[in-house]
Amino acid sequence: MDIKKLVEEMTLEEKAGLCSGADFWHTKTVDRLNVPASMVSDGPHGLRKQDEKSDHLGVNDSIKAVCFPTACATASSFDRELLTSLGEALGDECQAENVSVILGPAVNIKRSPLCGRNFEYFSEDPYLAAEMAGSHIKGVQSKEVGTSLKHFLANNQEHRRMTSDSVIDERTLREIYLAAFEGAVKTGKPWTVMCSYNKINGTYGSENRRYLTDILRDEWGFDGYVMSDWGAVNDRVAGVIAGLDLEMPSSGGVNDARLMEAVRDGRLKEEVLDQAVTRILTIVDRYLKNRKPDTVWDKNAHHELARKMEGECAVLLKNQGILPLSDSDEVAFIGYFAAHPRYQGGGSSHINSTRVESAAEAAKDKGVIYAQGYEIDADQMNNTLLEEAVAVAKKVKAAVIFAGLPDSFESEGYDRTHMAMPECQNALIEAVAAAQPNTVVVLHNGSPIEMPWIDKVKGVLEAYLGGQAVGGAVVDILYGHVNPSGKLAETFPIKLEDNPSYLYYGGEKDRAEYREGVFVGYRYYDKKKMDVLFPFGHGLSYTTFEYSNIKADKSAMKDDETVTVSLDVTNTGKVKGKEVVQIYVEAPDSQVIRPVRELREFAKVELEPGETKTVAFTLGKRAFSYYHVELKDWFVQTGAYLIHAASSSRDLRQMISVYVESTGKEPVVYHLNSTIGDILSDPDAAEIITPLIDRYKKGNALGNSDGDAAKSAITQQMDDAMFRYMPLRQILSFAPDVSSLKELQELVDRINDKK
Ligand code: BGC
């Protein structure tokens, strides 16, 4: 397509029309100029292509496709390549089905375990979320199919998601909520981005110029088109001006007319509309030019891929010598989910799966006994099922209970109100564990749950919503054919009330204040030194790993340089396994309020028994910085930083210190109300005011700890503090003879001139 020429030839009506969908899933055609339609469809963990009746809630059927593990599971793989292979598989399915853009991945931060859509999101940590999303995007787009990174921005709750206003301070936005998108945009380069329904600090995501243009395009270099979430447009004209190119699904022509009117009466410059049309056509053209209509994909191969992936994702939370089971053990699989796994969530990501593999089916040849244990839609215990389960558990060597959250507990569209599993499932676990000491729980859930029975069972495997092959993957792990290597991408708090957003989550009516600031997930639990059920980054293996020999290629650096840290990891156990090495950076002497330490890098390494590998990580400025709001930039405070190599956020194994010198300058302006302590701690400023301070100290008790008055330690400490926190102008109140307002102002001016 000669897009420039096309745009010149298009009428205003055609241009306005192209900026919204033709129907639920297609962009419009311009037949006169041979501009074809292109189709977008939901993802992110499978293709939800609807040929007939359309909807954005997963209500009507879509074509058959493979349901891969959902993002809550894939994030736990901490494996970039795995996400890329997921993306490649999705890209092939899209090419085969002629879908130009698959909607996702979704990189919203898990602010609270209650968010109904957490299963579609990656993590509480923005770096991990960004890396996973970036790798997913690269995979899909390597097949010349676009992605739509969503939901931009600050869509962290389902409650009133279409009208709520996420009220967030700038530093928190930059360090947590924007950071996940920033990393994904920069590494993945998505063809499109989807704006969220909600407002961000008072302005709808669909018309928020600051995020859609100033930050997304101008700062991060995004060059695709932005589409709205389905029905997220409030003021279409404001949206186009802000940088929202495509409205989805369609406004039935109403907004096309509004755009035309706005161009005609001068509220909307035609060049701005042209730009939106150009961006949309560029992506349509990119897809068409690289079309691979002959792509075939094999549903069995994709099913096997889904099984292999889930084997890398499931997290072994607890294992007191019970796992792996042996093929010859007599085992009972108890619980409805053993025969009917919950493997995906409800809503727009709901896949019409090619098949579903349950654990009971996958373990058929092992002579496993099955008991249903509980009713899936009931909260109350069915005693007949309970008694049957207990009787079965007593007969075998080990009982594996398949439990978790029913569909009605978590879904797009609404949030949970508590973190508990259904009462009948908790009761079943208690009863079986009382009858059978070798009890393991396998969990199917999209977000953390409370585990009141944790001390009574010997093992817990978190399978999450692990895709259509979850049953096979779980059996692979239970019997040791696959060594678990997943690590939690989120903290499991002991109880809901421990979560940092607990007091404010959901907000009041449409106002959702993110008052916990940057203290999301482990950033909060670590700062508060709180016990958690399972920490971020935790996950066990059937082998053990030792970390040694940490080194850095320099001990001091400027913040515009990088440091490479390496360490050795050894498999000290008897079976092959994979370890996720996590790098956390700590700023022990920070003068700003910061989390104790933050994840800045990670790598997954595979090791044979006895094998050692050296892993290396390169850290640059961003690993040491925080967002400086006045500077409007990332800033590194000069000082020593600790770099930890860890097996989880609470299992720090090796540490090395690096001194980082800032090349940035904090904007400081002194005035008469600057404290004497602040001025004296700045060497340039101290030089200028020291003569005045010496004069003042001579005749005044305050600030003169060597004065005549005999002082107790307390009065001396008080005296020092009072002096340090005294504003400069107060010298005139306590010692009017020592200086004058004029002299103080001159000194302040001299200091500021020197800065
Ligand atoms: C969801 C999006 C989805 C879209 C289309 C919306 O309700 O928030 O994630 O892509 O529907 O189904």
Side-chain angles (χ1 to χ4, degrees), residues 42-46 58 68-78 83 86-87 102-137 147-159 161 166 168 176-185 188 190 193-198 205 229 313 315 344-350 405 409-416 419 445-449 462 464-467 486-492 499 501 505-506 512 514 520-523 536 599:
D42 267 313
H45 46 261
F68 292 94
T70 61
C72 59
T74 53
S76 319
S77 73
F78 276 70
L83 268 292
L86 163 66
I102 178 161
L103 307 175
V107 81
N108 301 91
I109 292 291
K110 299 184 191 210
R111 180 179 172 226
S112 162
L114 298 181
C115 175
R117 230 175 160 180
N118 272 356
F119 70 90
E120 262 186 87
Y121 301 152
F122 290 112
S123 181
E124 67 189 25
D125 181 85
Y127 177 70
L128 177 61
E131 289 296 296
M132 296 290 100
S135 308
H136 172 125
I137 294 168
T147 53
S148 198
L149 183 66
K150 63 190 188 180
H151 309 85
F152 191 53
L153 171 74
N155 175 191
N156 309 94
Q157 63 186 50
E158 289 300 282
H159 179 68
R161 68 171 165 160
S166 301
I168 315 178
I176 307 287
Y177 298 96
L178 280 165
F181 285 92
E182 178 185 3
V185 166
V193 164
M194 187 192 292
C195 77
S196 58
Y197 286 119
N198 52 287
D229 199 342
C313 299
V315 187
Q344 65 171 329
S348 60
S349 67
H350 201 270
L405 298 177
F409 271 53
E410 48 180 358
S411 161
E412 178 175 345
Y414 57 91
D415 293 327
R416 284 191 293 170
M419 243 176 71
N445 47 305
S447 201
I449 48 156
E462 175 56 84
Y464 278 116
L465 303 184
K487 300 270 189 175
L488 288 181
E490 61 192 331
T491 311
F492 274 50
N499 177 261
S501 73
Y505 186 73
Y514 288 40
V520 177
Y522 69 86
R523 287 168 167 76
F536 176 86
L599 182 76

>> For the backbone of Asn499 and the side chain of Tyr505, can you confirm whether one donor and one acceptor N or O come within less than 3.5 Å of each other?
In response: no
> If you measure only the distance, is there a donor-acceptor pair under 3.5 Å linking the side chains of Asn156 and Tyr514?
Replying inline: yes
>> So does Pro113 get a backbone contact from the side chain of Arg416, meaning a donor-acceptor N/O pair under 3.5 Å?
In response: yes
> Any donor-acceptor pair under 3.5 Å linking the side chain of Ser76 with the backbone of Cys72?
Replying inline: yes
> So, does Asp415 use its side chain to make a donor-acceptor pair with the main chain of His159 at under 3.5 Å?
Replying inline: yes
> Looking at Phe78 and Leu488, what are the two nearest heavy atoms and their distance?
Replying inline: CE1-O, 3.8 Å
> Counting N and O atoms only, with roles assigned by atom type, does the side chain of Glu412 sit under 3.5 Å from a partner on the main chain of Ser348, one being a donor and the other an acceptor?
Replying inline: yes
> Side chains of Ser196 and Asn198: donor-acceptor distance under 3.5 Å anywhere?
Replying inline: yes
>> For a side chain to side chain contact (heavy atoms under 4.5 Å, CB included) check, start with the C-alpha distance between Phe122 and Leu128, then their side-chain angles and the critical distance, and finish with the verdict.
In response: CA-CA 8 Å; Phe122 290 112; Leu128 177 61; 5.9 Å; no
>> Please check: side-chain N/O of Asn445 versus main-chain N/O of Tyr464, any donor-acceptor pairing under 3.5 Å?
In response: no
> Does Thr147 use its side chain to pair, donor to acceptor, with the backbone of Pro190 at less than 3.5 Å?
Replying inline: no
>> Closer than 3.5 angstrom, by distance alone: can the side chain of Asn108 be matched with the main-chain N or O of Tyr121 as a donor-acceptor pair?
In response: no
> Using a distance-only test with no angle check, is there a side-chain donor-acceptor pair under 3.5 angstrom linking Asn155 and Tyr197?
Replying inline: no
> Checking side chain to side chain contact (heavy atoms under 4.5 Å, CB included) for the pair Ser447/Glu410: CA distance, chi angles, key distance, verdict?
Replying inline: CA-CA 8 Å; Ser447 201; Glu410 48 180 358; 3.8 Å; yes
> Under the 3.5 angstrom rule, does the side chain of Thr74 hit a backbone N or O of Pro69 as a donor-acceptor pair?
Replying inline: no
> Is there a salt bridge (charged side-chain N to carboxylate O under 4.0 Å, His left out) between Lys110 and Glu124 once you walk through the steps?
Replying inline: CA-CA 5 Å; Lys110 299 184 191 210; Glu124 67 189 25; over 6 Å; no
> Going by distance alone, is a donor N or O of one side chain under 3.5 Å from an acceptor N or O of the other, for His151 and Arg161?
Replying inline: no
